[in-house]
Amino acid sequence: MDFIAHGLWGGAAFFSQGRKQFLAGVGIGMAPDLLSFGVFHLTHPEWLTLRLVGKISGPPALSSLPPYVFHAYNITHSLIVWAGAFFLLWQLTKKPPWLLAAWLLHILCDIPTHSTTYFPTPFLWPLPTPFVNGISWSTPWFMVANYATMSIVYCCLFLYFRGKTS
């Protein structure tokens with residue numbers, strides 16, 4: 001799934017918790033992709049500029065990506081790493097860090113929305129992972145369905161919580 005959709009789904013999960021929690025959910029939902037691909041885009045602004053003006057299309061070629069992108073992707077897209085972080089923070093704070101559910105949602109959404117040809121989700125990393133050859137999130141009909149569903153969810157959230165405050 002694209003990182004904006006991840007952020008919006010993460011935010012939807014915490015919509016009822018107030019503005020700060022909502023924004024934290026958005027940020028945490030986007031974080032796995034930003035921590036892997038965001039660094040690449042910041043250090044290669046020419047690629048992003050060419051993409052935005054339409055000179056190139058599609059994702060960067062795998063051969064053009066530095067090794068740290070793959071390492072960061074493995075770490076940030078692993079259910080094992082997520083569980084370790086969740087339980088470590090729970091032990092340290094003495095309360096479950098529910099905001100990390102936005103990170104979990106990111107991983108769970110990526111498993112069926114990535115094909116095996118480009119960044120399949122290593123959800124069991126560092127263990128061997130049986131990659132799922134899912135539907136690519138960039139497939140036009142899927143993007144329309146995803147954002148349409150998200151629009152319905154947000155409309156329902158707005159209407160439900162607007163009624164609660166009046």
Distance-only, no hydrogens or angles: does the [X] side chain make a donor-acceptor pair with backbone N or O of [Y] under 3.5 Å?
{"X": "Tyr154", "Y": "Leu8", "value": "yes"}
{"X": "Thr129", "Y": "Leu127", "value": "yes"}
{"X": "Ser78", "Y": "Ile80", "value": "yes"}
{"X": "Thr139", "Y": "Ile135", "value": "no"}

Check side chain to side chain donor-acceptor pair (under 3.5 Å) between [X] and all other residues, then give those that pass, not counting sequence neighbours.
{"X": "Asn146", "result": "Trp9"}
{"X": "Thr93", "result": "none"}
{"X": "Tyr68", "result": "Thr43"}
{"X": "Tyr147", "result": "Asp2"}

From [X] [atom1] over to [Y] [atom2], what is the distance, rounded to the nearest 0.5 angstrom?
{"X": "Ile28", "Y": "Leu105", "atom1": "CD1", "atom2": "CG", "answer": "12.0 Å"}
{"X": "Phe87", "Y": "Leu92", "atom1": "CZ", "atom2": "CG", "answer": "13.5 Å"}
{"X": "His41", "Y": "Thr49", "atom1": "NE2", "atom2": "OG1", "answer": "11.5 Å"}

Assigning hydrophobic clusters by single linkage (Ile, Leu, Val, Met, Phe, Trp, Tyr; side-chain heavy-atom cutoff under 4.5 Å), is [X] placed with [Y]?
{"X": "Leu50", "Y": "Leu52", "answer": "yes"}
{"X": "Phe158", "Y": "Val26", "answer": "yes"}
{"X": "Trp47", "Y": "Leu35", "answer": "no"}
{"X": "Leu157", "Y": "Phe22", "answer": "yes"}
{"X": "Phe70", "Y": "Val39", "answer": "yes"}

Residue pair [X] / [Y]: nearest heavy atoms and the distance that separates them:
{"X": "Gly25", "Y": "Ala102", "value": "O-CB, 3.5 Å"}
{"X": "Pro32", "Y": "Ser36", "value": "O-OG, 2.9 Å"}
{"X": "Lys95", "Y": "Trp90", "value": "C-CD1, 3.4 Å"}
{"X": "Val153", "Y": "Ala12", "value": "CG1-CB, 4.3 Å"}

Stepwise side-chain contact (heavy atoms from CB on, under 4.5 Å) test for Ser16 and Phe161
CA-CA 7 Å; Ser16 67; Phe161 288 104; 3.1 Å; yes
Next on the checklist: Show every side chain to side chain donor-acceptor pair (under 3.5 Å) that has at least one partner inside residues 20-32, sequence neighbours left out.
Outcome noted: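 Every pair satisfying side chain to side chain donor-acceptor pair (under 3.5 Å) with a residue in residues 20-32: there are none.
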- Task: Please lay out, stage by stage, how Met143 and Trp137 fare under the test side-chain contact (heavy atoms from CB on, under 4.5 Å).
- Result: CA-CA 6 Å; Met143 297 245 339; Trp137 61 264; 3.7 Å; yes
Next on the checklist: Under the criterion ring pair (Phe, Tyr, Trp, His ring centres under 6.0 Å), I'd like the reasoning laid out for Phe3 against Phe37: C-alpha separation, chi angles, the key distance, then a yes or no.
Outcome noted: CA-CA 10 Å; Phe3 81 102; Phe37 297 106; 9.8 Å; no
Below 4.5 Å, heavy atoms only, C-beta onward: do [X] and [Y] meet side chain to side chain?
{"X": "Leu89", "Y": "Leu100", "result": "yes"}
{"X": "Trp125", "Y": "Ile75", "result": "yes"}
{"X": "Trp103", "Y": "Val81", "result": "yes"}

Side chains of residues 107-123: which donor-acceptor partners sit under 3.5 Å, not counting sequence neighbours?
residue : atom : partner : partner atom : Å
Asp110  : OD1  : Met1    : N            : 3.0
Asp110  : OD1  : His6    : NE2          : 2.8
Asp110  : OD1  : His114  : NE2          : 3.1
Asp110  : OD2  : His77   : NE2          : 3.1
Asp110  : OD2  : His106  : NE2          : 3.2
Thr113  : OG1  : Met1    : N            : 3.2
Thr113  : OG1  : Cys109  : O            : 2.6
His114  : ND1  : Tyr73   : OH           : 3.4
His114  : ND1  : Phe119  : O            : 2.7
Ser115  : OG   : Thr117  : N            : 3.3
Ser115  : OG   : Thr117  : OG1          : 2.8
Thr116  : OG1  : Asn133  : OD1          : 3.4
Tyr118  : OH   : Pro60   : O            : 2.6
Thr121  : OG1  : Asp110  : O            : 3.1

